[in-house]
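Input: a single structure, listed below in structure tokens.
These numbers come from a predicted model, not from an experiment.
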Amino acid sequence: MERLDLLRCSWSVRASGDLGGVPAASLAAVTRGVPAGLVPGVGGCVHTDLIDAGAIADPSAGMNEVACAWVSRTDWVYEAVFTAPASWAGRGDAWIEFECLDTAAEVSVNGVVVGRSASEFVPWRFPLAGVLRAGENVVRVSFVGPARYVEAERARLGAYPHNGDAQGWLPYNMMRKSAVSLGWDFAPRVGTCGISGGAWVVVGGEGMIDRAMASRGVGVSRRARFDPERYRLIVDGRARFARGVNWVPEGLWPRDRAGAAGGARVRRRLEQARAMGAEVVRVWGGGRYESEAFYDACDELGLWVWQDFMFACACYPEDAATRALVEAEARYQVARLSRHPCVVLWCGGNENHWAYASWGFKGRVPEVDGREAGRGLWYWHDLLPRVVAELGDGVAYVPDSPWTPGMDPRGGDANAAGSGDRHTWDLFGDEFRSQVPAFCSEFGVQSPSCEETLREAGLLGSGPGGGGPGWGGVVPAALEARQRGPGGMDRWYGEMMGRAYPGAAPPGDFAAWHAKAQGMQASWLESAVVWLRANGDRCGGALVWQLNEPWAGFSWSLIDAAGREKPAYRAVARAMAPRVSAVVPRDGAGWVVAVNDTGEVWRSTHDVEGVGAVAFEAGAWSVAWVRVTR
């Protein structure tokens with residue numbers, strides 16, 4: 001096989017089509033075109049190209065996000081000239097191959113359309129027979145603005161309900177693209193497009209999809225497996241409480257997570273997770289399938305991966321074209337990742353059944369021939385389990401998260417506490433201890449990024465926003481504008497801080513507010529993790545939402561966008577230590593609980609205020625409870 005790396009050519013990018021939404025200050029530059037910074041092994045996207053050219057301000061800084069919204073509503077054309085050897089002309093086995101096209105694009109070479117893409121989650125390979133010529137060739141990749149594309153698909157296929165649709169969120173479920181890039185409750189609306197991976201002209205040999213199928217990990221030695229009936233992680237034949245975190249895409253742009261710098265950044269986050277005591281990382285279904293470097297790092301660090309398919313909080317169309325895209329995605333990604341021993345579970349997606357039954361989605365799915373159209377059930381209960389069984393090298397599959405084994409997928413309670421997997425977003429503080437789910441794969445408390453990170457992002461220079469007494473009216477307007485959580489500031493700080501600090505006066509300045517907000521997250525998460533581990537006889541695992549965040553502002557992360565560890569990181573590290581003891585209320589009394597996740601007996605004491613040292617003995621891999629008596 002011979003291969004020419006197209007990203008080593010000089011590329012440009014320009015706006016095309018309707019330019020009515022382009023600001024006057026940017027119009028000349030984007031019409032003329034700007035250099036495209038496509039890095040070999042990384043690719044790029046239109047946002048970073050425009051930032052580098054000075055055509056837009058960085059959306060991650062200050063309040064620039066809204067001013068850049070036009071970028072994802074504009075169509076873009078990437079263009080380059082490459083030189084092919086004379087021996088390649090007329091070859092019937094010549095191809096153009098892209099590791100990732102983000103997302104809806106038409107590819108032409110020498111003015112001939114050779115193919116179209118419609119998914120970020122598979123590589124694309126188009127034939128160049130009869131098109132490639134000796135010497136100079138022109139390649140052009142024309143992208144449809146993702147915001148415009150998903151709205152057009154909704155008009156064509158119908159309004160399938162999705163998270164945030166009542167609040168005006170873009171219909172991310174109408175495209176096989178990372179949902180979070182179109183906006184989420186912890187992320188900006190910066191719908192990217194571009195050549196977000198490698199690109200080559202290839203003569204002879206197999207494509208990336210074929211190579212993934214050929215190299216899948218049949219017979220990979222796996223120290224761990226996941227029992228989907230009992231929701232237990234089994235390591236070296238022993239059931240182990242799954243201490244872990246949820247992973248969201250790191251950063252906003254391809255260069256944040258690929259190449260030397262991006263790969264090092266991703267590995268550092270995973271190292272931080274492992275150093276904190278996490279053993280499981282759940283790759284969340286609203287993000288993207290991660291790079292080989294991510295899974296290589298998990299293999300090396302001893303992190304087990306719960307891998308979602310990319311479906312989140314929505315109903316999804318099941319038209320023939322989308323079915324074909326999802327099947328190609330599933331086959332490629334399962335084959336690609338099956339060689340990694342870190343992958344111990346495939347999950348159909350995130351909160352899709354729960355959303356349908358409990359968020360008002362039922363009755364809103366478009367109808368076909370007088371009946372509700374498919375809403376994704378074929379993916380989660382037919383296609384995906386078949387592909388995992390065929391290509392997944394024995395790795396287990398569950399249809400969704402949360403999920404209750406044996407439930408009716410057409411409308412059962414996916415978030416029941418008694419069995420399966422629960423997302424506990426209805427219980428906070430002391431309430432959290434009123435329930436012991438069989439497995440808890442999401443729970444968390446929001447907090448702001450670290451103060452220095454907020455300052456670097458330009459979020460602290462403005463005057464206070466419209467905050468009420470629950471947060472003292474001291475939060476800068478630029479920071480408050482990044483509050484996307486359900487219920488907003490009233491819920492996450494007005495209500496929560498009132499409960500965390502009963503009777504306390506509202507903070508008088510931002511520094512005091514910030515300390516209390518981060519302290520609240522740390523305290524509640526530490527107690528929640530200890531509670532779930534203390535009840536390890538009934539609960540199989542605790543995956544904190546969330547490890548990381550893509551930009552500075554408000555999120556549920558333990559590590560902020562600049563890589564700084566919040567107080568909650570250190571609190572969760574204490575709670576996830578192999579041995580931890582704490583005072584926990586149960587049955588109206590105080591108890592010292594000692595969790596021992598080691599193979600040696602643990603004899604020690606725990607100091608209880610007003611009582612003194614309380615002795616305990618916890619056997620290997622066990623939990624001991626000692627009632628506190630005065």
Side-chain angles (χ1 to χ4, degrees), residues 230-233 239-244 277-279 402 404 415-445 496 498-503 519-545 568 570-598 601-630:
R230 296 189 297 147
Y231 272 81
R232 291 282 173 171
L233 177 69
R240 182 181 297 185
F241 187 91
R243 309 188 304 264
E279 293 185 316
T404 301
N415 204 33
S419 62
D421 165 33
R422 193 172 200 274
H423 291 188
T424 302
W425 291 112
D426 52 347
L427 303 171
F428 295 93
D430 294 342
E431 297 172 344
F432 196 87
R433 291 190 291 265
S434 68
Q435 191 177 93
V436 179
F439 196 101
C440 196
S441 61
E442 281 193 23
F443 61 100
V445 179
M496 296 291 184
R499 292 164 62 181
Y501 306 105
M520 171 183 68
Q521 182 194 34
S523 174
W524 282 7
L525 281 180
E526 184 171 8
S527 67
V529 172
V530 168
W531 173 254
L532 295 173
R533 292 186 67 193
N535 289 278
D537 57 334
R538 291 181 287 164
C539 179
L543 308 184
V544 175
W545 182 268
R570 296 182 286 278
V572 171
R574 291 191 296 271
M576 285 191 177
R579 289 175 169 176
V580 63
S581 63
V583 177
V584 174
R586 187 176 76 166
D587 301 330
W591 297 75
V592 169
V593 62
V595 181
N596 182 17
D597 279 351
T598 76
V601 175
W602 182 26
R603 298 180 184 89
S604 189
T605 61
H606 186 92
D607 287 333
V608 179
E609 184 177 358
V611 175
V614 175
F616 60 79
E617 177 180 312
W621 308 104
S622 69
V623 177
W625 292 82
V626 179
R627 184 169 181 144
V628 176
T629 57
R630 295 184 184 274

query = Do side-chain atoms of R422 reach the backbone of N415 as a donor and acceptor pair under 3.5 angstrom?
reply = yes
Between the CH2 atom in W621 and the OG1 atom in T598, the distance rounded to the nearest 0.5 Å is 6.5 Å
Heavy atoms of W591 and R586 approach each other most closely as NE1-O, 3.1 Å
Query raised in the report: Any donor-acceptor pair under 3.5 Å linking the side chain of W602 with the backbone of N596?
Result: no
Taken to the nearest 0.5 Å, the spacing of R230 CZ from S419 OG works out to 13.5 Å
Of all heavy-atom pairs linking A438 and G420, the shortest is CB-O, 3.3 Å
Interatomic distance, OH@Y231 vs OG1@T404, rounded to 0.5 Å, equals 8.0 Å
Within a strict 4.5 Å, meaning less than it, do heavy atoms of the V595 and V530 side chains meet? no
key: F616 vs V593 side-chain heavy atoms within contact, under 4.5 Å   = no
Any side-chain heavy-atom pair of F241 and L532 under 4.5 Å: yes
Flag yes if more than 12 heavy atoms outside D430 fall under 6.0 Å of its CG atom; otherwise flag no. no
I'd like to check N535 versus D537 (side-chain heavy atoms, cut-off strictly below 4.5 Å). Are they in contact?
yes
Looking only at heavy atoms, the pair that brings C440 and T424 closest together is SG-OG1, 3.4 Å
Note: A522 and A571 closest approach over all heavy atoms is O-CB, 3.4 Å
- Has the side chain of R232 got a donor or acceptor atom that lies under 3.5 Å from a matching backbone atom of A239? no
Is the backbone of A575 close enough, under 3.5 Å, to the side chain of E526 for a donor and an acceptor to pair up by distance? no
CZ (F428) and CE (M520) are apart, to the nearest 0.5 Å, by 9.5 Å
Students often mix this up, so state it plainly: with edges at 30° and 60°, are the rings of F432 and F443 parallel, tilted or perpendicular?
tilted
Any R533 side-chain heavy atom under 4.5 Å of V580 side chain: yes
Rounded to the nearest 0.5 Å, the CZ atom of R627 sits from the CG atom of D587 at a distance of 8.0 Å
field: Donor-acceptor under 3.5 Å (W531 side chain, Q435 main chain)
entry: yes
For L525 and A568, the nearest pair of non-hydrogen atoms, with its separation, is CD1-CB, 4.2 Å
- Message: Taking the side chain as everything from C-beta on, heavy atoms only, tell me whether W545 gets closer than 4.5 Å to H423.
- Response: no
In terms of heavy-atom contacts, S622 and A618 come closest through OG-C, 3.6 Å
dist D597:CG -> R240:CZ (nearest 0.5 Å) comes out at 7.5 Å
